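Worksheet for the structure shown next.
Worth saying up front: this structure is predicted, and the values here are computed from it rather than measured. Just so you know, these numbers use all the heavy atoms, side chains as well, and skip hydrogens, waters and symmetry mates.
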Amino acid sequence: MNFNRFGLSTFVGLFAMEETIKIIERRRSRAHLIRRGDGAFTYREQLSVPDGWGPMSLDAGINDSDETVEAEARSRVWWLAND
């Protein structure tokens, strides 16, 4: 199977162009607000582990602006909702 035929190289390239626009951190948790390579916005959660930070979660929603993604993160992430 030829993965390039299905645009895998383009798909991977979208992730290479993403940008973290803001990190909201509280004690042992943080949320990364991200501008994706396709221009949409998302957020990912990350929890601390004994030797630093664990892996980030998968994209949580797709939003049209930085304001919208922050509002969504603050309404859905329990430790942000109580902030």
Side-chain angles (χ1 to χ4, degrees):
M1 184 182 302
N2 182 352
F3 287 101
N4 288 334
R5 178 177 164 219
F6 298 105
L8 183 63
S9 60
T10 302
F11 182 72
V12 172
L14 290 175
F15 291 104
M17 298 179 345
E18 67 186 26
E19 172 189 7
T20 298
I21 57 172
K22 186 174 186 177
I23 298 174
I24 306 169
E25 191 170 329
R26 299 288 184 273
R27 294 187 179 216
R28 297 174 31 207
S29 304
R30 61 187 181 186
H32 295 253
L33 307 182
I34 297 168
R35 179 183 298 118
R36 298 171 6 146
D38 62 0
F41 295 82
T42 190
Y43 70 92
R44 297 180 190 142
E45 290 185 71
Q46 190 175 32
L47 303 175
S48 67
V49 294
D51 59 342
W53 291 98
M56 283 193 268
S57 67
L58 298 175
D59 288 1
I62 298 174
N63 298 274
D64 61 351
S65 72
D66 55 342
E67 294 92 3
T68 307
V69 73
E70 184 167 352
E72 182 169 334
R74 290 188 181 279
S75 70
R76 293 180 179 251
V77 178
W78 70 269
W79 55 268
L80 283 174
N82 296 322
D83 190 23

Heavy-atom closest pair, residues [X] and [Y]:
{"X": "Tyr43", "Y": "Val77", "value": "CE1-CG2, 3.6 Å"}
{"X": "Glu25", "Y": "Trp53", "value": "OE2-CZ2, 3.5 Å"}
{"X": "Ala73", "Y": "Leu80", "value": "O-CD1, 3.8 Å"}
{"X": "Ser29", "Y": "Leu47", "value": "OG-CD2, 3.4 Å"}

Nearest 0.5 Å, what's the [atom1]-[atom2] distance between [X] and [Y]?
{"X": "Asp59", "Y": "Arg44", "atom1": "CG", "atom2": "CZ", "value": "4.5 Å"}
{"X": "Ile21", "Y": "Glu70", "atom1": "CD1", "atom2": "CD", "value": "8.0 Å"}
{"X": "Asn63", "Y": "Arg36", "atom1": "CG", "atom2": "CZ", "value": "9.5 Å"}
{"X": "Ile62", "Y": "Phe41", "atom1": "CD1", "atom2": "CZ", "value": "12.5 Å"}

Do [X] and [Y] have side chains that approach each other closer than 4.5 Å (heavy atoms only, starting at C-beta)?
{"X": "Arg30", "Y": "Ile24", "value": "no"}
{"X": "Asp66", "Y": "Lys22", "value": "no"}
{"X": "Arg28", "Y": "Trp79", "value": "no"}
{"X": "Glu18", "Y": "Thr42", "value": "no"}

Review point. Do any N or O atoms from the side chain of Thr20 and from the backbone of His32 form a donor-acceptor pair under 3.5 angstrom?
Key: no
Exercise for review: For the pair Gln46 and Ile23, evaluate side-chain contact (heavy atoms from CB on, under 4.5 Å) and give the outcome as yes or no after the intermediate values.
Suggested key: CA-CA 10 Å; Gln46 190 175 32; Ile23 298 174; over 6 Å; no
Exercise for review: Indicate, with yes or no, if Leu58 and Met56 share a hydrophobic cluster defined by side-chain heavy-atom contacts under 4.5 Å among Ile, Leu, Val, Met, Phe, Trp and Tyr.
Suggested key: no
